[in-house]
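The block underneath contains the structure these notes are about, expressed in structure tokens.
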Amino acid sequence: MNARLRAAGLPALALVLVGGVLSVQVAYGGGEFEPLRPSDPCAARTVTSQSEGIDALTERLVLIGLDNAACQLGVSREALTLELAQGGTRTDAEIDALRSGLLAAVDQMDEEGSLPPASELADEALDNAGLNRFLEALVRAIPDSVIDAALKTDDVLTRAIDELDLRALLANLDDQGDLNRQLEAAITQAVKDSLVARLRGLV
Amino acid sequence: MRRAVGPLLAVTVAMVLADSAVVTLALPDILRHLDTTVAQVAWVLISFNLVLGLVAVPAALLFHRGQPRILTAAGIAVFAAASAWCAVAPTIEVLIAARCVQALGGALALVGCLELLVGLYGERRAIATWVTAGVIGTAAGPVVGGLLTQAISWQSIFVVQVPVAVLAVPAALTVRAVLVPASDRHRPAIRPNLTLALLSAALTAALFLLVLLLVDGWQHSPAAAALTVSVVPVAAVAARPLARLLPGPREVEVATGCFLVAGGLVGLALLPSAALGWTVAPQALVGLGLGLTVDRLTAQALHLRFPRVEHAGWTISARHLGVVVGLAILTPVFTGDLQDAQVPAQEAITSLVLDAPLPADDKVALAQALGGELADQQGQVPDLHHAFVAADFAPGSRAAAAQLERDLDVQLESAATRAFRDSFLVGAGLALLALLAVVVPGGRRRS
């Protein structure tokens, strides 16, 4: 009996050692040390930005739009981003999902009241517009209330998104200059269209 | 000189068996230096074990026809010459060929050293010396290889073997072996050799995979990895006093050792983070298991079995073919899992960058730099630091960028750790199979 007990000493110690090591490891998250899993793009997410002005608005719009598009396509936001970053030809489904995602993002931000009034963006837009100095000074002299009455941010954004050639934009994401040119052209056209529409409404 | 003969022969045994895994930590350096592929560089490890496993028994049979001291000296000389050839190999093909020749010489040296040690020390002490030298060599191989690679170069691993072997050749020639009548023959000990083979396959998971995880997965230097895996040989040495403290039947000791190896491998599969400290306890379990099993099983396979060299050949064959089987089973598992880990890792990185508290311009610049790094480092765990240097953040963003870099490194480490999990668990399964081979009824009958 004594010999049997002695013989059980080593296995018992091994059981304690293995059990102890594994218990401590599991208690500290062993087995859960895995890469971050992408969250559900259809679930509500708080999207913030460290940028200011137009950059902040664009960033929030793109991030919410990506979530919406990914939700529509049934993939994660991260998988869609990686897919878009790879370049190449985009499918119609991807383009449609992105456009409707961005449009839904404008509605979402408008509903939650996080879209800035057009006057808040006017100075920055004028800095980058490259207008002649006389015209620029003239526009800057317009009171904020007049700008806000004439231009609704959600309307301009919706028109700009409709105007954008997303396929061409996504085909050349690496060229920052070309990207800015396309965005500027779309926004300028959207501002014009929005103003014309307001004027028609007044008449 | 006479007093140095035994230790020199023991060091030769340790050196040849250390060569089984000595190049593990040097493989990334060899890959770069010889401009080869991962598949080819793996053969530097596989070829040695395969040839040693296949020729150990035929090499032992040669001892019936020749003088043991001359055959042993010739084996050591061939091993030394092939080691020197390995050090100057200009291509991966030449290195693999040299490793094969090294294993041929190593097989003659291993079985011959046992025969000569018996001539020097007598049966019992000779087997104990031969077995202990083998355990120390097997466990210390990756450590020594890693330190030499870091301190000097991968070639130095092979160069340092030459002077030891040169001294061992004349030492071997001075020993008169005890001749055993050819009629006195025993059948090979199947069960201990089978257990050894399974355990060797499992230990390959512990040593080879852990080293890969530390160097390739967690991006540690070979020296840091070598120091980390030194826990295994230290624990292996501590196993003997532990067994003396709690003595029991040999089968119980071996079964306990197998259980400890399996437990240690499960521990390595369940690491809570990429901190080196978390690997210590699982490695200690593996080391204790190694110390309790390999020497016992080898001694059991050799005990009172003649011709001695032939049984030593069977034992060496079982151990090294076990290593090859371990590599053959585990390599496709972890390479496949590493491949599969790329997408989750990229998605985790994307998620963190999209949500990072950085200005939009910085995020775009960083994303472009990260994309470049990921594309350039396909097939290995990327080092993202260059992307952060290239992004050149504004002073106000540097703290957030530094935090993001740390978070991304954690994602890469966790992806790599996750990729090795299945392989460690397969290794644990092999150790449990070895445990089964000990405890099934046939084993008890003999005790």
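Chain letters run A, B, ... following the sequence lines, proteins first, then strands; residues in each count from 1. The shown structure was predicted, so the numbers you read here are calculated from the model rather than taken from an experiment.
Heavy-atom distances place the side chain of A:S76, and not its backbone, under 4.5 Å from chain B. Interface remark: A:A79 contributes backbone and side-chain atoms alike to the contact with chain B (heavy atom separation under 4.5 Å). Neither the backbone nor the side chain of A:S49 comes within less than 4.5 Å of any heavy atom in chain B. For B:T417, the part lying under 4.5 angstrom from a heavy atom of chain A is the side chain only. Of the two parts of B:L285, only the side chain, counted from C-beta on, holds a non-hydrogen atom closer than 4.5 Å to a non-hydrogen atom of chain A. B:A284 does not touch chain A: none of its heavy atoms, backbone or side chain, sits under 4.5 Å away. Using a 4.5 Å cut-off between heavy atoms, A:P38 contacts chain B through its side chain alone, with no backbone atom that close. Interface remark: A:E34 contributes backbone and side-chain atoms alike to the contact with chain B (heavy atom separation under 4.5 Å). For A:V62, no part sits under 4.5 Å from any heavy atom of chain B, backbone or side chain. Contact annotation for A:L63: only side-chain heavy atoms (C-beta onward) come within less than 4.5 Å of a heavy atom of chain B. Heavy atoms closer than 4.5 Å to chain B are found in the side chain of A:R45, but not in its backbone. Looking at B:L292, the atoms closer than 4.5 Å to chain A (heavy atoms on both sides) all sit in the side chain, from C-beta outward. The part of B:L288 that comes within reach of chain A is its side chain, from C-beta onward, which places non-hydrogen atoms under 4.5 angstrom from that chain. Both the backbone and the side chain of A:L17 come within less than 4.5 Å of a heavy atom in chain B.
Residue with the most contacts toward chain B among A:Q25, A:E59, A:R37: A:Q25 (heavy-atom pairs, distance under 4.5 Å). Here A:P11 is the residue among A:P11, A:G19, A:G29 with the most heavy-atom pairs under 4.5 Å with chain B. Annotation: maximal heavy-atom pairing with chain B below 4.5 Å, among A:S39, A:A85, A:G9, A:G31, occurs at A:G31.
The shortest distance between side-chain heavy atoms of A:L13 and B:L242 falls below 4.5 Å. Taking the side chain as every heavy atom from C-beta outward, A:L57 and A:M109 approach each other to under 4.5 Å. Residues B:T279 and B:V229 are not in side-chain contact: their nearest non-hydrogen atoms beyond the backbone lie 4.5 Å or more apart.
The shortest heavy-atom contact between B:R296 and B:V254 is CB-CG2, 3.8 Å. Contact record, B:V261 with B:A202: CG1-CB, 4.3 Å, taken as the closest heavy-atom pair.
Formation of a donor-acceptor pair under 3.5 Å by the B:Q411 side chain with backbone atoms of A:L36 is found in this model. Side chain of A:R99 to main chain of A:L164: a donor-acceptor pair is present (N/O by atom type, distance under 3.5 Å, no hydrogens or angles). Using modelled atom types, one side-chain atom of A:E94 and one backbone atom of A:T91 make a donor-acceptor pair closer than 3.5 Å. The closest donor-acceptor contact from the side chain of A:S51 to the backbone of B:A360 lies under 3.5 Å.
Side-chain polar atoms of A:Q108 and A:N68 form a donor-acceptor pair below 3.5 angstrom.
Atom CD of B:Q403 is surrounded by more than 12 heavy atoms from other residues, nucleotides or ligands within 6.0 Å.
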